[in-house]
Each structure stands twice: as structure tokens, then as C-alpha cells.
Amino acid sequence: MTEPESRKKSYEPGAIEQKWYDFWLEKGLFKPEVNPSGKPYCIVIPPPNVTGQLHMGHALNATLQDVLVRWKRMKGHRALWIPGTDHAGIATQNVVERQIAKEKKDRHQLGREEFINRVWKWRSEYGGRIIHQLKKMGASCDWSRERFTLDEGLSLAVRTVFVKLYEEGLIYRSTRLINWCPRCLTALSDLEVEHEEEEGVLTYIRYPLAGGKGHLVVATTRPETMLGDTGVAVNPADERYSELIGRKIDLPLTCRQIPIVGDAAVEMEFGTGAVKVTPAHDFNDEEIAKRQNPALPSVTVIGADGKMTGQAGPRYAGLDRYECRRLVVEDLKKLGLIEKEEKYGHSIGHCYRCKTVIEPLATPQWYVKIEPLAREAIKAVREGRVRIIPEGWENSYFAWMENIRDWCISRQIWWGHRIPVWYCGCGQTVVSTETPMKCPLCGSTELKQDPDVLDTWFSSALWPFSTLGWPQMSEDMSSFYPTDALVTAFDILFFWVARMIMMGLKFMGDVPFRDVYIHALVRDEEGQKMSKSKGNVVDPLLIVDKYGADAFRFTLAAFAAQGRDIKFSEERVKGYRHFINKLWNAAKFISMNTEDRAVADGKHGVTDLPSRWILSRLAGAAQEINEALEQYRFNDAANRAYQFLWREFCDWYIELAKTGLENVEQAPGVRWSLLQALDGILRLLHPFMPFVTEEIWQTLPGTFREGESIMTAVYPSGLPQDAEAEEGMEAVIEAITGIRNIRGELNVQPGARVKVLINAWSEETVRTVLAHLPYIKRLAGAESIIVGKGLQAPQKAAVNVMSRLEVYVPVEGLVDVKAELERLGKELRKTEDELSFCMRKLMDQDFVSRAPGQVVAKEQAKSRELEGRKSNIEDSMNRLKSIFQEAENG
RNA sequence: GGGCGGAUAGCUCAAUUGGGAGAGCGCAGCCCUUACAAGGCUGAGGUCACAGGUUCGAUCCCUGUUCCGCCUACCA
């Protein structure tokens with residue numbers, strides 16, 4: 001026969017987690033319908049990339065959302081957490097392209113249709129991976145409502161939004177420089193470009209003045225672009241150069257002549273004060289070119305593939321841009337046109353997907369005119385209709401939104417939402433949610449759809465309402481929009497959060513969510529960002545296997561609010577596994593002591609002070625935990641639960657209960673309180689550690705369980721507190737710790753029973769202590785205790801002065817008198833220091849007259865207590881000293 | 001260049017609006033006390049980065065400095 005689960009010495013998560021997750025799924029407990037009449041509460045998951053594997057960020061993100069949703073569900077809300085994945089255009093396409101590259105093919109050989117089929121096939125094989133991983137974390141998402149950004153419904157939402165914005169003039173097409181990734185062969189939005197500081201070279205090139213007299217020196221970090229220069233700009237206010245404006249340069253390595261122009265944006269102090277202008281390959285230069293009248297022409301010398309074009313001239317055409325750079329510099333050197341080269345640190349844009357250096361390239365692209373949308377989104381946050389938590393992020397949000405530039409939404413890839421625009425040979429453009437049969441202008445059926453797809457974030461921006469069924473009306477939509485909270489990391493605040501707010505306001509007429517909770521980034525132990533290339537990634541699934549999802553979740557929650565970063569270390573998870581084990585063993589103890597024994601029928605059967613106390617403490621903890629969760633202070637909530645379970649419930653109450661259980665009359669009440677407090681802490685902890693709490697909760701007697709799962713049990717709140725019991729227990733606790741301190745410091749053997757005198761300051765305390773002598777004896781290892789007010793101190797005793805009482809432990813023969821004197825001396829110095837600090841304040845006229853009355857009163861009370869303590873310690877020391885001297889003399 | 005955040009115990013970090021700083025881990029001592037050694041009891045350890053200012057009083061508010069991190073920007 002195997003040991004029953006509940007009696008094993010330690011908690012083993014593996015099989016138990018699977019068991020309960022299946023149970024929850026089977027019972028449909030993740031659906032909002034379990035609380036049909038509750039107030040709706042809804043969170044949409046930040047959809048992870050369908051190509052993704054669960055990483056630490058997902059794990060933290062999912063944990064926090066699950067804590068919120070489980071908590072709200074237990075509070076009776078109609079709670080809905082909508083899961084799903086994102087089609088992740090570029091990332092997914094890259095993954096599948098790599099796969100087919102192994103077959104020595106590329107997507108063009110396959111053709112668009114076949115390639116798309118391959119991606120869908122890949123998605124059906126691997127796309128469920130991250131969903132499966134979320135389940136391992138215990139996520140209570142309603143999987144029946146799972147969505148994918150390329151679902152038919154979501155695609156319709158995307159087309160609908162596109163058409164509407166187009167019709168309003170908020171989507172337009174334009175040819176201008178955009179960020180181009182020469183490896184992914186697509187345009188990128190400004191946000192998708194990562195700037196990194198790099199060491200480069202600033203090359204000073206002599207540009208000969210036409211007509212053969214002298215030259216102008218320009219500085220550049222990209223010498224190869226000189227082949228596409230169409231001008232040189234100087235500041236018109238620059239006396240060195242102003243009279244050159246209007247003259248021409250013989251552009252080296254080409255046979256072109258280019259003008260010297262004036263532009264106020266040129267910094268006179270930087271470089272030589274003269275700048276080459278390459279409108280086709282530099283955003284600034286494009287601006288300068290446009291400002292000229294007539295505008296400077298564009299010469300594109302670098303193509304979409306990052307190689308030099310025919311316009312670069314026969315010597316350079318076809319070269320990679322970096323090879324060309326070397327050759328151009330070499331050629332210029334031969335011509336004696338390089339003045340100097342110096343090291344230069346500057347920041348360079350890289351593709352956020354493949355890290356290739358971005359090339360500005362002029363191509364036709366679709367844009368969203370963003371300013372009108374941003375204006376409303378700024379207002380929503382300013383007016384508090386969307387709260388960003390922590391508040392500090394609002395600044396970043398405003399800063400970005402106020403300087404926002406039009407959003408390039410077209411991508412030259414195949415995987416994604418095809419742009420719903422068709423072109424006719426007659427020149428007509430058709431924009432429609434459905435594929436048009438013929439051209440409305442000429443009737444031709446030869447319509448060609450725009451080959452590009454939309455930025456993935458375009459569809460993600462619609463997520464809070466597209467997942468609820470929009471553009472169809474649905475019950476979910478009227479119940480759950482606006483959603484309640486959005487939980488995410490700051491790195492997609494602009495990419496995603498801001499755009500959702502814009503689209504929600506535009507298409508739903510209301511914000512997409514009330515609260516945005518921005519959580520930390522998970523870093524490694526050294527504080528480095530986890531990345532595959534650094535090899536410092538910790539796989540959350542391995543942590544779950546090793547320590548269980550509960551310990552892992554609790555760790556993440558407990559460290560969630562420590563500022564922006566969480567430094568993750570396995571040691572911490574190990575620590576919280578100990579916590580779970582503590583809970584497990586407390587439950588085991590309670591089960592052993594309640595099974596087949598009388599349990600009081602409710603709270604009225606509870607008569608003993610410790611039981612009243614723990615129930616009151618439970619009420620207090622519940623209140624604080626609820627308050628913390630209301631404010632997204634996950635760490636405070638988790639730590640309060642930790643403190644309650646370990647310090648108050650296990651260290652104090654269970655130990656006290658061992659005595660209470662020996663009292664035949666009180667025992668049923670103690671048993672009820674043990675179960676009641678355990679039930680309470682299980683419920684409080686359930687959102688953080690769903691599995692172990694369910695496992696234990698299911699073993700509680702039926703009267704403590706009002707439903708089939710702890711998931712739908714009522715979350716403790718609004719429980720009555722019992723100030724009288726708390727005050728009474730303080731006295732008991734002081735008596736016990738007072739004795740323990742002495743034992744500990746004087747190294748009394750744990751087995752040795754000591755005789756104790758307790759001198760209480762009030763009759764009330766005397767009564768309380770007297771009534772609880774069995775508890776004190778047991779927990780403090782005392783064999784006899786004499787209690788009274790104004791007790792005469794014994795001749796030879798160690799003393800400990802507390803705030804409600806003082807404790808004497810006669811130390812006849814037991815103790816080194818000298819050591820005890822040292823200990824008391826230290827105590828005395830501490831007390832005196834505090835007292836003099838206190839007195840100094842009270843003697844200060846300014847303090848007494850200007851500080852608030854209650855602060856002064858507090859200081860006065862404190863000084864009285866310290867005075868008392870001081871004289872008590874001095875008395876004890878004097879007694880010991882006389883003994884000491886007797887011994888010396890005798 | 002602009003902006004934001006951080007500097008508190010050996011380590012990692014807390015501290016609801018200004019009134020002599022807490023936790024976890026670690027460390028030291030003593031204990032296999034029948035829920036738990038993944039445990040219990042006790043203890044040591046902090047001029048709250050630096051310099052000024054406001055205040056009766058500053059870890060907290062203001063200014064400046066140093067050192068870290070991050071976001072953002074078209075100085076070629």
C-alpha cells in the first residue's frame with residue numbers, strides 16, 4: 001500500500017498539477033459562466049508570438065494575470081481571461097524560410113500560395129506549443145475563446161479597420177524614405193528599428209570645386225553613399241562657406257557635378273561644417289533636398305538587397321554596401337582625396353528581428369496618419385480613463401505620443417493580413433473588405449491585389465475588441481468591453497498598448513481597458529537581459545519541472561514589484577518551495593489532529609484566546625492582501641500571505657494549539673479554528689499557488705468547502721477582527737519571547753526547564769498571563785511560573801524588560817554572572833542612548849511647541865517607558881553586582 | 001542631446017503621503033521538541049551614495065555631484 005498523498009512528508013508537484021488542471025478544464029471552471037450573475041471582469045492576454053517558446057517574461061506576465069483573474073473569480077466576478085497568439089509576420093516567416101532553406105529552396109521557388117500553406121502547416125504543428133506551456137503555468141484562460149490574429153474573424157476586423165481608416169483619409173500611400181531591412185527585404189516602422197551605439201569611422205573627403213580651384217571637405221560615416229550625393233550643404237550663416245553657395249562640386253569617382261547649397265540645419269561646429277547630401281539614403285538629407293528650390297534630385301545607389309545599383313557606376317555596381325565602402329575609400333585615397341579618418345562613436349539602426357543594419361530606402365508604402373488618433377489617446381490617459389500603473393510610465397507614454405510620426409504599416413512579406421487594396425490596369429484603386437469582382441470604373445475583372453501585408457501590430461492593436469467578436473456585435477462585447485486590466489512589460493508600451501488605445505477609442509468609442517499594469521523585465525542573476533546569444537536564458541518550463549509551478553509563480557509574484565527589473569535566480573524558487581512544503585506540513589498536522597475527532601460547529605465554539613487571535617489575524621491578513629491586489633502590489637500581497645502562514649499561523653498558532661488540543665473542553669474549538677485558518681490561508685494563497693492549495697483544500701472536511709473547487713470558493717475579505725484577543729495575545733507572546741531571549745542568550749540547554757517569575761505592569765496582564773500558563777510553559781520551556789504585579793525580584797536572576805511585563809529567570813548556578821552582567825550592560829547602553837535621544841527632543845522648546853501634539857505625546861510616553869526600563873535594568877545589575885562582589889570577596 | 005529610474009544589512013530588495021529603518025537569503029550559537037532539518041529557538045549585522053538647502057525634525061522634500069541601468073533623438 002502506498003502512502004496517501006496527504007501524508008507524504010513533502011509536497012511533490014508533478015502529477016498533482018496535471019490532475020487538478022485537467023479537473024478544472026473538465027468542470028469548465030475557466031469560463032466566465034461559472035459566475036453568471038457576477039460583475040464582468042476581463043483581461044486579454046498579450047498574445048505571444050505563435051513561433052515563440054515560453055520565456056521568463058511570458059511566465060511573469062501570465063502569473064500576474066492569473067493571480068488577478070483567479071482572485072476576481074473567487075470574489076464572484078464573471079471573470080474572463082482571453083488567450084491567444086499573434087501571427088508574428090516577420091518572425092514566423094523567417095522561421096519557415098529557414099526550414100525550407102534546409103531543402104535548398106527559397107520562398108520564391110515555392111510561390112506565394114505554397115509558401116503560405118507551409119506556414120499554416122508549421123503553425124498547426126508547433127503553434128500550440130506556447131499555449132501548452134501556458135497551461136503548465138496554471139493559467140486559467142478560457143481556452144474555448146482562444147483567438148489567433150489570422151483567424152477569419154480577426155482578419156475581417158483588420159480589413160474593416162483598414163477600409164474605414166482609408167475612407168477617412170487616415171490611411172494613405174506614399175513613396176519616401178523608410179527603414180528597410182536588406183535581409184528581411186521589407187519595410188519596418190520606426191519602432192522596429194533598434195538603435196545601438198557603435199564604433200565607426202568619420203571619413204573626411206575632399207570634394208574638388210568645379211573649375212579646378214580648391215576643394216570643400218565633408219565628413220561622413222558612410223563614404224559609399226557619396227556615389228549618390230546630389231549636393232553639398234553648408235550653413236548660410238557660415239562665413240567660411242557662404243560665398244560658395246551656388247557653385248558646383250566635381251563629385252569624385254563619378255562624372256557628375258553637384259551644387260553647393262545652403263541649409264540652416266547644418267551644424268557649423270560639427271565636422272567641417274559642410275555636409276554631403278544623399279537624399280536617397282539618409283533621412284536628414286532627404287529633408288534638406290526637399291527644402292531646396294528646385295529640390296535636389298535623388299540618386300539611389302544602394303538597392304533593396306543592400307548591394308550597389310547600376311547608378312553607382314560600373315566599378316561599384318553589384319558590390320555589397322560594405323565592400324563598396326572599402327573600395328570607395330581606397331579609390332579616394334589613391335586620388336589623394338581623403339583628408340583624414342577618425343574614430344567615431346555613433347548610433348546605428350538595426351532590424352529588431354534579424355539585427356541587420358537598416359538601410360533607408362525610398363519605396364511606396366502604406367501609412368497611418370497617426371496624429372488625430374494619438375490626440376484622443378493622449379486625452380484618455382490625461383483624463384484618467386486609462387490608468388497606467390506605475391504612474392511613472394505615463395511620462396514615457398506622453399513623450400512618445402506627442403512626437404509620434406506616421407506609422408508605416410505595409411510589409412513586403414507574405415505571411416500576414418494581405419492589404420485589402422486592388423489595382424486596375426485603368427489606374428483605379430479599389431479598397432474593400434471583400435475581394436472585388438470587377439473594377440467599378442472600367443468593369444475590368446483583371447484586378448491585382450496589393451502584394452504587401454500589414455504590420456502584425458496593426459492586427460494586435462485591435463486585439464481587445466477583435467477577440468470579443470468585433471465587427472460583429474456579440475454578447476461578450478457588451479459584457480466585457482472595455483476590458484478591466486492589461487498586464488504587460490514596458491517594452492511594448494508603444495508598439496502595442498498605445499496603438500490599442502488609439503484603435504479602441506476610434507472604433508469602439510471607448511478605451512480598450514481601464515488599467516494598464518506595467519510589470520518588470522526578468523533578467524538573469526547578474527542583471528543582464530536574458531538572450532539566446534548570451535546563453536543566459538533560463539527556461540521557465542525547466543523551473544516548473546524542478547520546483548513546481550506553484551513555487552515558481554509565487555517567486556515571480558513576490559518579486560514582481562521591485563522596480564523595473566527582476567533578477568531571477570533559482571535559489572529563490574528553492575526558497576519558496578520550502579514555503580509550499582511548510583504549508584503542506586501544516587496541513588498534514590491539522591489533518592492528523594482533526595480526523596475522526598470532534599470539531600466545533602462554527603466560531604461560537606471557539607473560546608480560547610489563541611484561536612480567537614489567529615482568526616483575527618487571518619481577518620487582518622485578508623484585508624491587507626485584498627488591498628494590495630487592488631493596487632497591483634503583488635509582492636506585498638504575496639509577502640503578507642507568506643508572513644501570515646509561516647510566522648503567525650505555523651510558528652505561533654500551531655504551537656499554541658498543541659496545548660489547546662490537550663484541553664478536552666477547548667479542543668473542538670481549536671480544531672475548528674485550525675481548519676478555519678487553514679481554509680482561509682489556502683483561499684488567500686490560491687491565486688498565487690493554485691495547485692497545492694487545491695490539493696489540500698480538497699482534503700478539508702466538507703463543511704469547509706462550499707463548492708467543488710477552491711477556484712470558486714469565496715475569497716476571504718471583510719472578516720471581523722478581535723482587538724481584545726490581539727491585545728491579550730501580545731502579553732502571552734511577550735512572556736514567551738521574554739523567557740526565550742534569556743534562554744537563548746544565556747545558552748540554557750533546550751532540555752532544561754527553568755523557573756520563571758513574571759512581573760506584569762497591570763492587573764489585566766496578570767490575569768491574561770495566569771490564564772495561559774500552560775501555553776507559556778510549553779513554548780518557553782518553563783517548569784514553574786510565578787505571576788504578579790509588583791513582584792519582588794529574586795536575588796540572582798536574569799531579567800528581560802518588555803513593554804507589558806518583565807521576566808525573571810533565577811539563574812542559581814546555571815549561569816555565568818559576569819556574562820549576564822555584560823548582557824545587561826549592553827541592554828542598558830542601548831536604552832540610555834534611546835532615552836537621551838528622546839529627552840533631547842523633549843527639552844527642545846522648538847520641538848515641543850512646533851511638532852504636532854500627538855508626536856510630542858508619543859515621545860513623552862516613550863521616554864516614560866524607557867525610564868522605567870532603564871531603572872529595571874539598573875536594579876537587576878545592582879543585584880547581580882552584589883552577588884558578584886560577594887563571590888569575589890568570599 | 002533630451003528624458004526616466006536606481007544607489008538602504010554580506011547578497012537581493014521592501015518601507016501607504018517627513019517623527020530614529022524591515023523582510024528573505026546568507027552568517028553565528030544552541031537544538032533530530034512525535035507537521036515540517038526543505039525544520040525550531042536565539043543572536044550579530046545599517047553615519048539609508050556624496051555635498052549643500054528647507055524644517056523643531058530629512059532615508060523620505062529641493063538643488064548640485066559621482067556611479068550604474070533604461071528609454072528616446074536626423075549632429076553628417
Side-chain angles (χ1 to χ4, degrees), chain A residues 7 9-11 195 202-203 218-222 225 233 265-267 269-278 282-288 344 346-347 360 390 392-393 395-396 399-400 403 490-491 493-494 521 523 525 527 529 558-559 561-567 569 571-572 574-593 627-628 631 633 635-636 639 642-643 647 650-651 654-655 658 736-737 740-751 778-781 833-834 837-838 841 844-852 854-856 858-859 862:
Chain A
R7 289 291 158 79
K9 204 168 176 184
S10 58
Y11 175 65
H195 293 273
L202 196 54
T203 307
V218 298
T220 180
T221 52
R222 304 196 56 192
T225 63
V266 178
E267 296 274 338
E269 287 75 29
F270 189 85
T272 59
V275 57
K276 58 194 270 319
V277 181
T278 324
D282 185 282
F283 293 103
N284 278 320
D285 294 0
E286 184 187 37
E287 295 297 315
I288 294 174
Y344 181 64
H346 63 316
S347 92
W393 290 107
N395 282 336
S396 312
W400 186 70
N403 298 298
F490 70 86
D491 53 349
L493 183 61
F494 309 141
L521 231 50
R523 297 170 178 278
E525 252 171 297
K529 207 165 170 174
F559 284 89
Q562 298 188 342
R564 294 189 178 189
D565 303 331
I566 294 178
K567 288 183 198 163
S569 105
E571 283 305 303
R572 302 190 176 171
K574 222 183 254 176
Y576 286 112
R577 184 181 57 173
H578 297 173
F579 175 64
I580 288 171
N581 197 45
K582 191 74 181 173
L583 172 63
W584 182 257
N585 280 292
K588 189 168 85 177
F589 170 82
I590 291 165
S591 136
M592 283 163 52
N593 283 282
E627 281 169 7
Q631 296 165 43
R633 291 185 284 113
N635 61 326
D636 285 344
N639 288 325
Y642 182 100
Q643 157 84 14
R647 306 272 85 99
C650 291
D651 288 351
I654 288 186
E655 293 308 321
K658 287 174 183 172
I736 294 168
T737 48
R740 280 177 174 172
N741 287 346
I742 293 174
R743 297 183 60 115
E745 294 195 6
L746 298 186
N747 264 331
V748 176
Q749 289 296 301
R778 180 176 189 138
L779 265 60
D833 283 353
E834 271 184 72
F837 182 76
C838 200
K841 269 184 170 176
D844 184 344
Q845 270 314 305
D846 286 331
F847 174 75
V848 178
S849 59
R850 294 192 191 211
Q854 38 168 335
V855 172
V856 178
K858 206 171 130 192
E859 288 300 319
K862 195 167 155 192

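Nothing here was measured: the structure is a model prediction, and the numbers come from that model. The chains referred to below are lettered A, B, ... by the order of the sequence lines, with proteins before strands, and numbering in each begins at 1.
Of the P atoms belonging to B/rC60 and B/rA7, the separation is 12 Å, rounded to the nearest Å. B/rG39 and B/rC11 have their C1' atoms separated by 23 Å, with the value rounded to a whole Å. Spacing between B/rU54 and B/rU12 at atom C1', rounded to whole Å, works out to 34 Å. Of the C1' atoms belonging to B/rA15 and B/rG69, the separation is 23 Å, rounded to the nearest Å. Rounded to a whole angstrom, the distance from the C1' atom of B/rU33 to that of B/rC41 is 11 Å. Comparing the C1' positions of B/rG45 and B/rG53 gives an interatomic distance of 33 Å, to the nearest angstrom. When the C1' atom is used for both B/rG24 and B/rC30, the distance is 23 Å, rounded to whole Å.
With hydrogens and angles ignored, the 3.5 Å screen pairs no side-chain donor or acceptor of A/N581 with any backbone N or O of A/R577.
Whole-Å rounding puts the A/F494 CZ to B/rG3 P distance at 16 Å. Here B/rC71 presents its C1' atom at 12 Å from CG of A/L521, a figure rounded to the nearest Å. What separates OH of A/Y576 from C1' of B/rA23 is a distance of 9 Å, to the nearest Å. The CG-C1' distance, from A/N639 to B/rC13, rounds to 10 Å in whole Å.
Of the candidate nucleotides B/rU12, B/rC70, B/rA35, B/rA35 has the atom nearest to the side chain of A/A586. Nearest to the side chain of A/Q749, among B/rA14, B/rA35, B/rC31, sits B/rC31. For A/F847, taking side-chain heavy atoms from C-beta onward, the closest of the listed nucleotides B/rA38, B/rG19, B/rA76 is B/rG19. The side chain of A/Y344 sits closest to B/rA76 out of B/rG40, B/rA76, B/rA35. Taking only side-chain atoms of A/H578, from C-beta outward, the nucleotide of B/rA35, B/rG40, B/rA38 with the closest atom is B/rA38.
Counting atom types as modelled, A/T220 pairs no side-chain N or O with a base atom of B/rA76 as donor and acceptor under 3.5 Å.
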